[in-house]
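We use all heavy atoms of the structure for the numbers below, so side chains are in, but hydrogens, waters and symmetry mates are not. Naming: A, B, ... by sequence-line order, numbering from 1 per chain.
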Amino acid sequence: MTIIETLQNAVALAVGQLYGETVEAGKVQVNTTPGEFTGDYTVVIFPFVKIAKKAPDAAGAEIGDFLQKNVAEVAGFNTIKGFLNLELSPAFWQNFLQSALTDPDFGRQPRNGRKVMVEYSSPNTNKPLHLGHVRNCLLGWTCSRILDAVGYDVVKTQIVNDRGVAICKSMLAWQKFGEGKTPESEGVKGDHFVGDFYVMFENKTKAEYEIWQQTDAAQGFFAEKHKPEQAEKDFFKEYKNKWFNEHSQLGAEVREMLLKWEAGDPDTVALWRQMNNWVYSGFDETYGKLGVAFDKLYYESDTYLLGKDIVEDGLKKGVFFRKDDGSVWVDLTDAGYDQKVVLRADGTSVYITQDIGTARMRYHDFDCEKMVYVVADEQNYHFVVLFEVLKRLGEPYADGLHHLSYGLVELPTGRMKTREGTVVDADDLMEEVVSLAWENARGRDSELTDTDPAGRSEDIRKIGMGALKFYMTKVNPRKKMIFNPEESVDLQGQTGPYIQYSYVRINGLMQRVEKEGVDLTPAKNYTDFQAEEKELLKALHEYPEVVLAAAREYDPSHLANFCYNLAKSYHRFWHEQSIFNADSPEAKAFRLQLSKAVGQVLLSGMSLLGIEMPARM
RNA sequence: GGCUCCGUAGCUUAAUGGAUAGAGCAUCUGACUACGGAUCAGAAGGUUAGAGGUUCGAGUCCUCUCGGAGUCACCA
């Protein structure tokens with residue numbers, strides 16, 4: 001039982017005995033006491049004043065008195081304006097510290113034997129990963145780690161969008177203009193290599209379109225179809241998709257290629273496989289640098305036809321209905337949503353059909369009772385509909401579905417746009433933050449060079465990546481994120497390196513303890529906690545609950561902020577209290593143990609965020 | 001227009017319905033003849049977009065208004 005539960009039960013008992021009315025222990029509000037008041041935990045008394053028929057302070061005093069007499073851990077109390085502040089005994093805190101130090105799983109929950117699948121990244125194979133994927137991957141990864149920490153068995157997966165028009169564009173451009181080049185021959189990372197051909201295709205198309213616009217046919221379309229007052233330029237901008245589908249030579253070739261692929265034409269499939277493999281080797285490198293991994297990959301080329309049988313099933317169950325043209329729909333108007341098509345008139349499936357089929361397949365593959373989809377909030381409506389449909393189909397896993405929706409990453413100048421060349425590439429970004437960490441480190445240590453043999457480069461990589469990862473995980477996922485390149489590489493203030501620095505300080509202490517063979521046993525006799533020490537104890541004590549909350553809400557930012565606050569408290573403690581030069585052996589030993597515990601928790605918490613700790617800074 | 005999300009200091013942000021809205025950046029002032037200054041302390045900066053309501057108590061819940069974003073494809 002946690003101390004909070006102990007206090008809740010005791011308060012419920014007190015109210016029952018003192019005022020003769022039963023209250024539910026779980027409803028008793030117990031918070032940690034804010035720093036400016038004395039006490040460790042605070043019971044909110046307001047809900048009991050009616051029952052007690054007394055002023056808040058009087059009722060608080062009575063309940064406090066009861067707690068002090070009946071709960072061993074409660075050493076004292078005070079009441080202010082309806083808040084009962086409880087002070088816990090030094091013995092309680094000593095016990096807690098020792099158990100936190102000796103428990104290698106402090107903050108983690110026991111295995112619960114339940115399985116959860118987390119899907120994230122979902123790349124397209126026609127271009128490299130960008131800033132948006134970075135946020136997605138970090139969320140998916142940290143979420144997986146956090147769910148693991150609270151006891152789940154996590155299967156990390158990725159659905160690779162490896163088929164469709166987009167990859168055909170890259171394929172066609174390579175076929176027509178590639179001259180047999182390969183990533184190896186050009187010394188270019190595979191995903192960038194393929195992405196370059198995609199861009200080439202778009203440029204060639206644009207050129208073709210511009211030439212076409214001068215033709216008599218095009219001018220005829222403009223004369224006939226433009227809206228009044230509409231400029232020629234605006235007309236053709238709007239007309240582009242229609243042109244691509246109906247008049248473009250390249251467009252026709254791409255469609256032909258897609259048809260050949262769908263028909264299983266061996267040459268086309270071979271080319272497709274070749275180009276995708278180039279992309280995958282590039283992705284692997286990026287994922288590796290980012291520190292994320294997957295247990296199972298699903299390919300859209302395998303899943304895009306799934307779900308049709310379920311649609312048939314749903315028709316029989318009456319979940320879906322068929323319109324006169326043969327298309328199949330689901331009617332969600334009774335739940336406040338629209339009607340959605342789930343099968344086209346020609347019998348082919350749509351996006352949601354595929355997702356319905358994939359969900360069932362995954363369930364059969366892994367027997368997961370929960371599935372988390374890490375997908376940007378543009379698709380909120382899609383997932384609302386998908387989950388509702390799966391529920392109506394009576395799928396056994398339908399209640400365990402969660403869309404971890406996150407806001408898009410924008411630049412200070414607005415949304416990233418391929419056309420305007422404002423897309424921030426994931427590889428470039430990581431290289432940038434690490435090189436800035438180098439620059440910064442060199443400013444502190446003139447001996448340092450890029451080829452430093454002392455293994456500093458690993459530490460500096462951790463610092464750069466730590467800055468980036470913390471910057472991206474400290475914000476509530478739901479919020480749209482403004483990515484400011486300058487702030488993302490800040491190494492001071494509320495940043496990853498700030499936290500890493502407190503760990504490095506502790507690391508230094510521990511090495512000295514080792515070297516000098518400091519005896520830590522007197523720590524248990526230390527009872528006169530200083531304010532900074534108490535603050536740290538309270539923060540450490542909260543760690544397990546923070547991990548649980550992060551898991552419950554699928555929100556790693558709780559953990560990021562917790563780590564920052566813990567590091568901040570530690571830095572303050574470091575400044576205010578002498579550790580090695582403490583007044584007594586008891587204080588010295590205690591502070592060293594406290595430091596050790598802080599180091600352990602920081603290491604644990606940051607690792608859940610995918611952030612590594614350097615040995616030196 | 002319907003639905004969803006967001007609006008907190010110049011900027012980026014925190015706050016299970018609880019106490020004086022907490023940080024960081026930027027600005028200004030300071031700090032131990034070092035247990036490492038990637039640190040610490042302080043100043044200044046807020047009508048939590050606005051108006052009502054519920055509550056002992058509202059940044060948080062409800063209603064409306066304003067502003068921003070997303071979405072409302074037989075695209076994925």
Just checking [X]: base, sugar-phosphate only, or nothing, at a heavy-atom cut-off of under 4.0 Å?
| X | answer |
| --- | --- |
| A:Arg552 | nothing |
| A:Ser557 | nothing |
| A:Thr495 | nothing |
| A:Asp338 | sugar-phosphate |
| A:Tyr498 | sugar-phosphate |
| A:His403 | nothing |
| A:Val49 | nothing |
| A:Val44 | base |
| A:Gln29 | base |
| A:Gln577 | base |
| A:Asn85 | base |
| A:Leu408 | nothing |
| A:Tyr564 | sugar-phosphate |
| A:Asn476 | sugar-phosphate |

Should [N] form a Watson-Crick or G-U wobble pair with both distances under 3.5 Å, which nucleotide is its partner?
| N | value |
| --- | --- |
| B:U54 | none |
| B:U33 | none |
| B:G67 | B:C6 |
| B:G45 | none |
| B:U12 | B:A23 |
| B:C72 | B:G1 |
| B:G59 | none |
| B:A38 | none |

Task: Polar contact flag, side-chain donor to acceptor under 3.5 angstrom, A:Ser301-A:Asp162 - done: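 There is such a pair (donor and acceptor under 3.5 Å, judged by atom type) between the side chains of A:Ser301 and A:Asp162.
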TODO: Please state whether the rings of A:Tyr554 and A:His402 are parallel, tilted or perpendicular, taking 30° and 60° as the class boundaries.
DONE: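 The rings of A:Tyr554 and A:His402 lie parallel, inter-plane angle below 30°.
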Open item on the list: Checking one value: the base orientation of B:C35, syn if chi is within 90 degrees of 0, otherwise anti.
Closed with: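 This nucleotide is in syn.
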[atom1] spacing across the pair [N] / [M], given as an integer number of angstrom:
| N | M | atom1 | result |
| --- | --- | --- | --- |
| B:U60 | B:A73 | P | 34 Å |
| B:U8 | B:G45 | C1' | 13 Å |
| B:A15 | B:C61 | P | 13 Å |
| B:C32 | B:U13 | C1' | 32 Å |

TODO: Would you sort out whether A:Val160 and A:Asn276 count as a side-chain contact (heavy atoms from CB on, under 4.5 Å), showing the intermediate values?
DONE: CA-CA 10 Å; A:Val160 184; A:Asn276 274 341; over 6 Å; no
TODO: Flag the pair A:Trp272 / A:Tyr299 as yes when their ring centroid distance falls below 6.0 Å, and as no otherwise.
DONE: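 Ring centroids of A:Trp272 and A:Tyr299 are no less than 6.0 Å from each other.
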- [ ] Show the numbers, then the answer: is there a side-chain hydrogen bond (donor to acceptor under 3.5 Å, both in side chains) between A:His541 and A:Tyr41?
- [x] CA-CA 12 Å; A:His541 190 256; A:Tyr41 284 93; 2.7 Å; yes
TODO: Check whether NZ of the Lys or CZ of the Arg A:Lys474 lies under 6.0 Å from the centre of the six-membered ring of A:Tyr498 and within 45 degrees of that ring's axis.
DONE: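 No, a cation-pi geometry is absent between A:Lys474 and A:Tyr498.
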- [ ] Using the six-membered ring of A:Tyr570, assess whether NZ or CZ of A:Arg505 lies under 6.0 Å from its centre and within 45 degrees of the ring axis.
- [x]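 That pair does not qualify as a cation-pi contact.
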- [ ] Taking heavy atoms of chain A and a 4.0 Å limit, find me the 5'-most and 3'-most nucleotide of RNA chain B within that range.
- [x]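 First and last nucleotides in contact are B:C5 to B:A76.
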TODO: Check the pair A:Tyr19 / A:Phe48 against ring pair (Phe, Tyr, Trp, His ring centres under 6.0 Å), numbers first and verdict last.
DONE: CA-CA 9 Å; A:Tyr19 312 122; A:Phe48 312 126; 8.2 Å; no
Task: Step-by-step ring pair (Phe, Tyr, Trp, His ring centres under 6.0 Å) determination, A:Phe483 to A:Tyr471 - done: CA-CA 9 Å; A:Phe483 184 86; A:Tyr471 179 79; 5.5 Å; yes
